[in-house]
Amino acid sequence: MNEAEDERMELHNGNLYWPTTESEDIVLERPMKRERYDVLVIGSGMSGVLTAYTLHQDGVDVAVVDKGKVGAGSTAANTGLIQYSNDIMLHELADQIGEADAVRFYRLCAEAVDALDDVAATVGANDVYLRRDSLCFASCDEDVTKLKREYEMLTRHGFFAEWLDRDALKARFPFEKPAALVTKGDAEVNPLTLSRQVVRHLSKAGVPFFEETEVTDVVPDGDGWLVMTPHETFYAKHVIFATGYGASPLLDPHRIELNRSYAIATNPLPHFDDWDGQALIWETKRPYLYVRTTVDGRIIAGGLDEEKPETPHSEALIRKRAERIKQEVETLFPMYELTVEYAWAALFGESIDQLPFIGEHPDRPHLYYLLGYGGNGTVYSMLGSRLLSDLVRGIDNDDTRIVRLDRTRQSDTVRP
């Protein structure tokens, strides 16, 4: 498992914002270990808790183990933009895997956003899960053609999209860009609160969480798996690794690239009158700037991705990147007086084709992974939880083919 390497990897550095919004930590009593479980989920970040939630909703006996405390990983550094659109646009994905599969994947993402809405309402987090439109603007004149092609494909397949030329955009926002695309059906969330509310909900329902329980090995045993930890061994018919950017045992890691990104949270502002609908904002260039608001009136923004698989320890470097992000936000909204109150850097993962890896190990029955690499990790987590619930319950689901673990080339997901 290369646990030593995983232990050295820091998921984020800097001054995080979301933990300041949580007034109390979750205190979980350590449950009594049973002789066996139907499903053991490894990881209690967003992927793990949403998987446990969906399995529990579907009547599956499930337990969760984590080497740390719940919500202590990447979830606290997540900037909480919930979008069905992906880092790879629909028309680009269609060129890569075929139009039918690309459209189906986008529909799955849109359904996952709706499902997250239901989760938030069920667990008492609907005050931090707010539906928003998204605005994607052309970063330069050369990108207008690409954005127009995306608009045409979205509308052709029934996704709501509104085209804004330069004048129409300027009439609704205080900045000028060559063109923009407005889509509906997205959301903003406080990811830490949502994940912790899911944990609280599941804990009250009797789902066991084994915190500070490091998995050292998984070994096949009959028709199930032995999950080894330093102090005890768990037996489960099915094991799901939802370990984020941590170790994923028995799975080839070479199709994943780890990079780092930077984010800020500003001072609270008195109003957003100049920000039409407080839409989630992003752009066509890569890496892109993304901007959103919070329920307490702040702006969260991020970007400046770097191809380095570790987070910086230099506070000065993080502050320097934070100032650059603030300046980019100020070019969009010059009327706001902004100061950076929180600044951090975090790891993020990208797959070979910018799709997540979700499904059953190709050679090891009953061993599954939910690895939501990309800018839509929370959406992928919800989507993946539903696919995996079908798999462990023996329900055929053709959608798993699109995100299967054994694809190695861009063409591998295309239906023959």
Side-chain angles (χ1 to χ4, degrees), residues 3 6-7 9-12 16-34 37 39-57 60-80 82 116 119-120 122-125 127-129 189-216 227 229-232 234 236 239-248 344 346-347 368-372 377-378 380-382 384-385 388-389:
E3 291 291 343
D6 181 42
E7 195 66 37
M9 184 173 64
E10 293 180 296
L11 299 175
H12 48 75
L16 298 175
Y17 166 63
W18 297 122
T20 69
T21 67
E22 285 285 294
S23 60
E24 60 183 36
D25 290 332
I26 297 179
V27 179
L28 298 176
E29 293 186 12
R30 189 169 183 86
M32 293 290 294
K33 185 179 76 70
R34 298 211 315 264
Y37 299 92
V39 180
L40 192 67
V41 175
I42 301 174
S44 67
M46 188 68 80
S47 295
V49 299
L50 288 177
T51 298
Y53 175 90
T54 301
L55 289 168
H56 177 71
Q57 291 289 100
V60 178
D61 170 51
V62 59
V64 181
V65 299
D66 195 290
K67 69 178 182 180
K69 303 291 286 185
V70 294
S74 295
T75 301
N78 184 329
T79 47
I82 307 297
L116 283 165
V119 173
T122 300
V123 304
D127 57 335
V128 298
Y129 188 89
V189 70
N190 179 329
L192 186 60
T193 296
L194 176 62
S195 66
R196 287 186 172 186
Q197 285 297 97
V198 173
V199 171
R200 293 181 178 105
H201 173 83
L202 292 176
S203 181
K204 289 179 181 177
V207 174
F209 283 80
F210 294 87
E211 298 181 294
E212 298 178 315
T213 302
E214 182 178 17
V215 173
T216 56
V227 178
T229 77
H231 304 294
E232 54 197 345
F234 295 82
V239 173
I240 298 174
F241 279 95
T243 45
Y245 306 137
S248 299
W344 66 96
L347 289 183
Y368 308 84
Y369 300 81
L370 199 173
L371 306 176
T378 303
Y380 295 163
S381 296
M382 190 73 247
S385 75
L388 293 178
S389 180

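The chain is numbered in sequence order, starting from 1.
Using a 4.5 Å heavy-atom cutoff, the side chains of Leu116 and Leu50 are in contact. With a 4.5 Å cut-off on side-chain heavy atoms, Val70 and Val49 do not count as touching. Side-chain contact check for Ile26 versus Phe209: every heavy-atom pair is 4.5 Å or farther apart. Residues Val41 and Leu55 form a side-chain contact, since some pair of their non-hydrogen atoms from C-beta on lies under 4.5 Å apart. With contacts defined as side-chain heavy-atom distances shorter than 4.5 Å, the pair Lys67/Val215 does not qualify.
Below 30°, between 30° and 60°, or above 60°: for His201 and His56 the angle between ring planes is above 60°, a perpendicular geometry.
Relative to the ring axis of Phe234, Lys33 places its NZ or CZ within 45° and under 6.0 Å from the centre.
In terms of modelled atom types and a separation under 3.5 Å, the side chain of Thr54 and the main chain of Thr51 share no donor-acceptor contact. For the pair Asp66 (side chain) and Ser44 (backbone), a donor-acceptor distance under 3.5 Å is present. Judged purely by atom type and a 3.5 angstrom limit, Trp18 has no side-chain atom pairing as donor or acceptor with the backbone of Pro191. In this structure, Arg30 contributes its side chain and Phe210 its backbone to no donor-acceptor pair below 3.5 Å. The backbone N or O of Ala120 lies less than 3.5 Å from no partner atom in the side chain of Gln197, so there is not a single donor-acceptor pair.
The nearest pair of heavy atoms linking Leu194 to Ala125 is CD1-CB, 4.0 Å. When all heavy atoms are compared, the tightest approach of Val62 to Ala52 is CG1-O, 4.0 Å. The heavy-atom pair separating Ala236 from Val39 by the smallest distance is CB-C, 4.4 Å. Pairing each heavy atom of Leu370 with each of Tyr380, the nearest pair is CD2-O, 4.0 Å. What you find for Leu16 and Thr20 is that their closest heavy atoms are O-CG2, 4.0 Å.
Side chains of Arg196 and Thr75: no donor on one and acceptor on the other come within 3.5 Å. For the residue pair Ser381 / Ser47, a side-chain donor-acceptor distance below 3.5 Å is found, with atom types taken as modelled.
Distance check, rounded to the nearest 0.5 Å: CG of Asp61 to CZ of Arg34 gives 4.0 Å. Taking OH from Tyr53 and OG from Ser195, the interatomic distance works out to 14.0 Å, rounded to the nearest 0.5 Å. Here the straight-line distance linking atom CG of Asn78 with atom CG of Asn190 works out to 9.5 Å at 0.5 Å rounding. Considering CZ of Phe241 and CG of Leu371, their distance stands at 10.0 Å, rounded to 0.5 Å.
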- prompt: Please walk me through it: do Thr21 and Leu192 pass side-chain contact (heavy atoms from CB on, under 4.5 Å)?
  reply: CA-CA 9 Å; Thr21 67; Leu192 186 60; 5.5 Å; no
